[in-house]
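On a predicted model such as this, the values are computed, not experimentally measured, just so you know.
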Amino acid sequence: MIRLLLGGTRSGKSGQGEALLAAGPLPHRVVATGRACDFAFRERINAHKRVRDPRVAVIEAGTEAMEVLAREAAAGGTILLDSLDFWLFACHGDTVDVGAALARGFAPYADPGGPELIVVSAETGLGPVAGDAATRRFVDALGALNQAAAALAHDVRFIAAGLSLQLKGSAP
């Protein structure tokens, strides 16, 4: 089962992902893709850690996130990937075919009765067009990646102001 949670910055998508993780079958794992490059972002990561159940294993995967997902599926249970956008950012400059990697990473979760994968990703296409070419390329790439993830997901939700809007599938 694949669930995709899309939303803007501070929309509540990670919180909803954590709630779905807690309600899912054991064992619980978090595959983290963000890297703290400055103090403010380090504090955001630490805030996520403080609210997370300390018994939940956290795998800091970076660019290897899809390989980790494929490997961890064998253990069953529920995995939270936080987040697809930071994975894409981490892959910047690599020769990774992100679409093919996404398909390989998500494949073990394609069976709705199998292990559960909860994926958090930023939806960046709701604001103005970015003024610089590099940001526009990233927004375009993330939009395409989110569309590919949504096509593979059984359940897709848009999160705004902490509220969830069902885009695909049916709420449990």
Closest approach of S121 to L4 (non-hydrogen atoms, all atoms of both residues): CB-CD1, 4.4 Å
Can you name the closest pair of heavy atoms from D85 and F138 and give their distance? O-CZ, 3.7 Å
Measure from the side-chain N and O atoms of R104 to the backbone N and O of E67, and report whether any donor-acceptor pair falls under 3.5 Å. no
Which atom of G105 lies closest to which atom of L69, heavy atoms considered: O-CB, 3.7 Å
Return yes if some donor-acceptor pair links the side-chain N/O of K13 with the main-chain N/O of G8 below 3.5 Å, else return no. yes
Give a yes or no answer on whether the side chain of H92 reaches the backbone of L88 with a donor-acceptor pair at less than 3.5 Å. no
Rounded to the nearest 0.5 Å, how far does OG1 of T78 lie from CG of L117? 9.5 Å
Pick out which of L152, I118, I79 makes a side-chain contact (heavy atoms from CB on, under 4.5 Å) with Y109. I79
What pairs of residues pass the salt bridge (charged side-chain N to carboxylate O under 4.0 Å, His left out) test when at least one of them lies in residues 107-128, not counting sequence neighbours? R3-E116
In terms of heavy-atom contacts, K168 and Q166 come closest through O-NE2, 2.8 Å
Verify same cluster id: L167, V119 (apolar side-chain graph, 4.5 Å): yes
Main-chain N/O of S170 paired with H154 side-chain donor or acceptor, under 3.5 Å: no
Work out which heavy atom in A75 is nearest to a heavy atom in P27; give both atom names and the distance. O-CD, 3.7 Å
Among T124, L165, N146, find the residue that satisfies the side-chain contact (heavy atoms from CB on, under 4.5 Å) test when tested with L6. N146
Kindly assign one of parallel, tilted or perpendicular to the pair F89 and F86, based on the angle between their ring planes and the thresholds 30° and 60°. perpendicular
Any side-chain to backbone donor/acceptor pair from Q16 onto G162? Under 3.5 Å, distance only. yes
For A61 and V31 the tightest heavy-atom approach is CB-CG1, 3.6 Å
R10 atom CZ, neighbour heavy-atom count above 12 within 6.0 Å: no
